[in-house]
There are 2 protein chains.
Amino acid sequence: MGETTENQQLTPEHRELLDQILDKWSLQVLDQLCGQSLRFNELRRAIPLVTQKSLTTTLRRLERNGMIERVIVGTRPVAVEYRISPIGNTLQELIDALLDWSSERLPDIQQARARFDAEHG
Amino acid sequence: MGETTENQQLTPEHRELLDQILDKWSLQVLDQLCGQSLRFNELRRAIPLVTQKSLTTTLRRLERNGMIERVIVGTRPVAVEYRISPIGNTLQELIDALLDWSSERLPDIQQARARFDAEHG
DNA sequence: CAGTATCCCGAATGATACTG
DNA sequence: CAGTATCATTCGGGATACTG
């Protein structure tokens, strides 16, 4: 606390990365894969409103960034399991922190929204 | 560690909130307002590529969610200062943690990307 | 200065059909 | 089952012009 806390700069590179792993669907996928492996259609059922295409895109991007791992189970038809990776696991803690934060602050935020909506049209 | 860590659920309400404050422009605005008040055009100049419209939209949404405060300085023409709010300040720590995380993990992630890109087309 | 109001286009998303 | 391919659509963002 006595030190000047050295804040990181938000470079384009960081921003791009965070954009790719903190977006709407990615958060829900990572949330689902927290602690359990799931197959494509299991994920699809677990995440309301996601389309096949959006889910595929999201999974590919998360895999490309090393956040999740795609494991092919060579059964007939063929099964694919998705699970969190070691890197992704380190991100989980931060996402949990964000969820804790939003749980804690949501009442204040809803109040702020109500006040804003009342003051403006 | 001995306890089962009780993970928060990512409800639609939480997801919507995080979507509104962790998006591309919001992160950059919050980053800029960390530790200093800035005016509209100062923000605009500080954030490359942002348009007037996108900046306005972002600022309104952050204000509505109680993350920033809009202070009208009643000079002639009129000046408006934007600054981080108390709630927004609690979010700053988490954003800093995300930036630290991405700085730390970026090499691994770039390696994962290279491997993915090599294995796929 | 700090916006609002329009128009408009391209990227992202959805719907549908098909495949290893 | 786990996708890919294609087409249709929407919608956020950009460009531009105007205002308190």
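Sequence lines set the chain letters: A, B, ... in the order given, protein chains first and strands last, and positions in each chain run from 1.
- At least one donor-acceptor pair under 3.5 Å links the side chain of B:Thr90 to the backbone N or O of B:Ile87.
- Taking atom CG of residue A:Leu55 and atom P of nucleotide D:dA2, one finds them 10 Å apart after rounding to whole Å.
- For A:Arg39, a side-chain nitrogen or oxygen approaches OP1 or OP2 of D:dA2 to under 4.0 Å.
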Problem set entry | Audit row: B:Asp31, B:Ile95, side-chain contact (heavy atoms from CB on, under 4.5 Å) steps and yes/no | CA-CA 8 Å; B:Asp31 186 56; B:Ile95 293 181; 5.7 Å; no

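- Which of D:dG3, C:dG3, D:dC1 sits closest to the side chain of A:Arg60 comes down to D:dG3.
- Whole-Å rounding puts the A:Leu59 CG to D:dA2 P distance at 11 Å.
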Considering only distance and modelled atom types, tabulate donor-acceptor pairs under 3.5 Å from the side chains of residues 105-113 of chain B, sequence neighbours left out.
from     : atom 1 : to      : atom 2 : distance (Å)
B:Gln110 : NE2    : A:Glu13 : OE2    : 3.1
B:Arg113 : NE     : A:Asn65 : OD1    : 2.7
B:Arg113 : NH2    : A:Asn65 : OD1    : 2.9

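- Look at CG on B:Asp19: it is 15 Å from C1' on C:dA12, rounded to the nearest Å.
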For this session: May I have the step-by-step check of side-chain contact (heavy atoms from CB on, under 4.5 Å) for A:Ile21 and A:Arg61, ending in yes or no?
Result: CA-CA 8 Å; A:Ile21 61 182; A:Arg61 192 171 48 219; over 6 Å; no

Seminar exercise, completed: Per-nucleotide protein contact along nucleotides 8-20 of chain D, 5' to 3', at a 4.0 Å heavy-atom cut-off (B base, S sugar-phosphate only, - neither), is -----BB--B---

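- Put simply, B:Tyr82 has a side-chain N or O that comes within less than 4.0 Å of OP1 or OP2 on C:dG3.
- Applying the 4.0 Å criterion to OP1 and OP2 of D:dG3, one finds that A:Arg70 has a side-chain N or O inside that range.
- Between the P atom of D:dC1 and the CZ atom of A:Phe40 lies a distance of 11 Å, rounded to the nearest Å.
- The stretch residues 25-82 of chain A participates, sequence neighbours left out, in no ring pair (Phe, Tyr, Trp, His ring centres under 6.0 Å) pair at all.
- Under 3.5 Å, the side chains of B:Asp100 and B:Ser103 contain no donor-acceptor pair of N or O atoms.
- Sorted by first and then second residue, the salt bridge (Lys or Arg N to Asp or Glu O under 4.0 Å) pairs involving residues 62-73 of chain A (not counting sequence neighbours) are A:Arg64-B:Asp117, A:Glu69-A:Arg83.
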For this session: Kindly express the pairing pattern of DNA chain D in dot-bracket notation, using | wherever a base pairs with another strand and counting only Watson-Crick or G-U pairs under 3.5 Å.
Result: ||||||||||||||||||||

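- Residues B:Leu62 and B:Leu33 form no side-chain contact, since every pair of their non-hydrogen atoms from C-beta on lies 4.5 Å or further apart.
- Take A:Arg39 and apply the side-chain hydrogen bond (donor to acceptor under 3.5 Å, both in side chains) test, not counting sequence neighbours, and it matches no residue.
- When rounded to the nearest whole Å, the span between CD1 of A:Ile68 and C1' of D:dA2 equals 14 Å.
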